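Have a look at the structure below, then the notes.
Since the model is a prediction, treat every value here as computed from it, not as a measurement. First listed ligand is number 1; within each ligand, the first listed atom is number 1. In this chain, residues are counted from 1 in sequence order.
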Amino acid sequence: MTEPVRVAITGAAGQISYSLAFRIAAGDMLGKDQPVILQLLEIPPAMDALKGVVMELNDCAFPLLAGIEATDNPEVAFKDADFALLVGARPRGPGMERADLLQANAAIFSVQGKALNDHASRDVRVLVVGNPANTNALIARENAPDLDHRQFTAMMRLDHNRALSQLAEKTGKSINTIDNMVVWGNHSATQYPDLHQCTVDGQPAMSLVDQAWYENDFIPTVQQRGAAIIKARGASSAASAASAAIDHMRDWALGSDGWVSMGIPSDGSYGVEPGIVYSYPVVCKNGDYEIVQDLEINAFSRERMKTTEDELRSERAAVEDLLG
Ligand code: NAD
Ligand code: LMR
């Protein structure tokens, strides 16, 4: 039998985790022959609710679930963790931007970055989901000086999947026929979903849609999808966010089928300020990710990539005091 791996989930009694934990325990993230130990973190007022989640996880009798630790202590939750999904944070409500959560949530990620630094596996892979995800990943990473910057990533896969779904619907083709989707920048309303590299059934996506739909419909729909869901549901996306988190971690660990979008520390590629957590097109293989290089960037794309970069720079400036 394969040795179990340790998967830490924060905010484990919240909405996203109510889908995420069960799917991970079912083998959707790491495969149907990889046992997992779930290390679930909550804050003290939510520990009763977390007990209920643990009871339900047990009641599923998942064959791959090799153990559960439920705790309100980050040091316990991250002990020897191979994967850490940092979901626990306040969600925004109607009329808010994700950056409005920066001050409320930033302190969580400095504490958790330190705990990861001191207690997690040296190979831990960290995915930040809690908003504003990119800058929270930056804060966590800057508080974990003994870990590699590249171990800290932010979730852009939901945006990537939303872009795939919008394009599939517009062209009447299946998601499986779409390649080379890219979302650049921040998980915010400035993100830039870029179709210039993308193909549908081998044909350039931009030859299948008109510029007006691209600019006035596709881009704003993807950028504003989170807000549209909050308006419709009265709560932010949960099952789709959990699904995207699983896609992100699965591809990082086991390899991607082509390009995916991940928020990663910029290495200066495409002229982006080094260090900020910026979404790039990447290919995952051998347990690692690599930025897709040498793409041609036109003036339309360059301007939008810069706008979202500028937003990330100003978010970083706003949390300077928390950067380790
Ligand atoms: P939720 O309010 O249902 O759950 C959050 C949970 O986190 C709560 O149970 C809360 O008790 C817990 N929590 C708060 N502080 C904590 C801490 N310090 N340690 C551990 N747990 C803590 O929210 P949700 O809908 O599950 O969303 C969680 C976060 O994910 C929000 O910030 C939301 O905006 C974000 N989100 C991001 C994306 C993305 O694409 N990056 C998508 C959807 C939601
Ligand atoms: C999303 O994109 O659905 C999440 O980031 C939640 C939000 O605040 O929009």
Side-chain angles (χ1 to χ4, degrees), residues 8-21 39-53 70-78 84-116 126-137 139-140 153-163 165 183 185-191 193 221-249 261-263 277 279:
I9 305 176
T10 75
Q15 295 197 81
I16 294 175
S17 297
Y18 196 60
S19 171
L20 183 61
Q39 304 189 163
L40 305 176
L41 181 67
E42 259 299 345
I43 49 174
M47 286 307 286
D48 271 343
L50 184 58
K51 272 190 204 144
V53 174
T71 178
D72 58 10
N73 180 348
E75 299 182 0
V76 174
F78 294 139
L85 295 102
L86 308 190
V87 180
R90 208 181 122 192
R92 66 173 167 156
M96 290 170 79
E97 287 301 330
R98 296 181 188 89
D100 297 338
L101 297 170
L102 203 49
Q103 294 309 331
N105 287 338
I108 295 174
F109 293 87
S110 57
V111 170
Q112 293 184 356
K114 288 190 185 85
L116 283 161
V126 182
L127 169 62
V128 176
V129 174
N131 277 319
N134 303 52
T135 299
N136 288 338
I139 295 169
T153 65
M155 193 161 93
M156 295 298 296
R157 188 59 172 269
L158 182 54
D159 310 287
H160 182 99
N161 288 348
R162 287 167 171 167
S165 146
V183 181
N186 196 6
H187 176 62
S188 76
T190 67
Q191 68 180 266
T221 299
V222 176
Q223 288 175 331
Q224 295 295 337
R225 189 65 159 188
I229 289 168
I230 291 170
K231 187 157 177 261
R233 241 170 65 81
S236 62
S237 64
S240 57
S243 199
I246 283 170
D247 289 348
H248 176 117
M249 284 305 213
S261 303
M262 284 173 68
V277 177
S279 179

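Close approach of ligand 1 to P91 is summarised as follows: ligand atoms under 4.0 Å from at least one heavy atom of the residue are 2 (O), 23 (O), 31 (C), 32 (O), 33 (C), 34 (O). Atoms of ligand 1 lying under 4.0 Å from any heavy atom of M155, numbered from 1 in the order shown and given with element: 39 (C), 40 (O), 41 (N). Taking every heavy atom of V87 and a limit of under 4.0 angstrom, the matching atoms of ligand 1 come to 28 (C), 29 (C), 30 (O). Counting the atoms of ligand 1 from 1 in the order shown, those under 4.0 Å from a heavy atom of R90 are 31 (C), 32 (O). Those atoms of ligand 1 with a heavy atom of H187 less than 4.0 angstrom away are 38 (C), 39 (C), 40 (O), 41 (N). Those atoms of ligand 2 that come under 4.0 Å of a heavy atom in R98, given as number and element, are 1 (C), 2 (O), 4 (C), 5 (O), 7 (C), 8 (O), 9 (O). Each of the following atoms of ligand 2 lies closer than 4.0 Å to a heavy atom of S236: 6 (C).
Within the structure, the closest approach of R162 to ligand 2 falls below 4.0 Å when heavy atoms are considered. Within the structure, the closest approach of I229 to ligand 2 does not fall below 4.0 Å when heavy atoms are considered. Contact between H187 and ligand 2 is present, with at least one heavy atom of the residue lying under 4.0 Å from the ligand. At a 4.0 Å cut-off, at least one heavy atom of S237 sits close enough to ligand 1 to count as contact. Every heavy atom of R157 sits 4.0 Å or more from the atoms of ligand 1.
Annotation: atom 4 (O) of ligand 1 to nearest protein heavy atom, G14 CA, 3.2 Å. For atom 36 (N) of ligand 1, the closest non-hydrogen atom of the protein is N131 ND2, 3.4 Å. Protein heavy atom closest to atom 19 (N) of ligand 1, with residue, atom name and distance, is Q112 NE2, 3.3 Å. Here the heavy atom of the protein found nearest to atom 37 (C) of ligand 1 is V129 O, 2.8 Å. Atom 8 (O) of ligand 2 has as its closest protein heavy atom R92 NE, 2.5 Å.
Summarising the local packing, CZ of R90 is surrounded by 12 or fewer heavy atoms from other residues, nucleotides or ligands at distances under 6.0 Å.
For atom 24 (P) of ligand 1, the choice among T10, I16, I9, D72 with the nearest heavy atom turns out to be I16. For atom 25 (O) of ligand 1, the choice among M96, M47, Q15, R225 with the nearest heavy atom turns out to be Q15.
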### Message
Run the side chain to side chain donor-acceptor pair (under 3.5 Å) test on Q191 and N186 for me, step by step, so that the C-alpha distance in whole Å, both residues' side-chain angles and the decisive distance to 0.1 Å come before the verdict.
### Response
CA-CA 5 Å; Q191 68 180 266; N186 196 6; over 6 Å; no
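A heavy-atom distance below 4.5 Å is found between the side chains of L41 and T71.
Taking OG of S243 as the start and CG of N161 as the end, the distance is 7.0 Å to the nearest 0.5 Å. Atom OG of residue S236 and atom CD1 of residue I16 lie 6.0 Å apart, to the nearest 0.5 angstrom.
Polar contact check, D159 against ligand 2: no nitrogen or oxygen pair lies under 3.5 Å apart.
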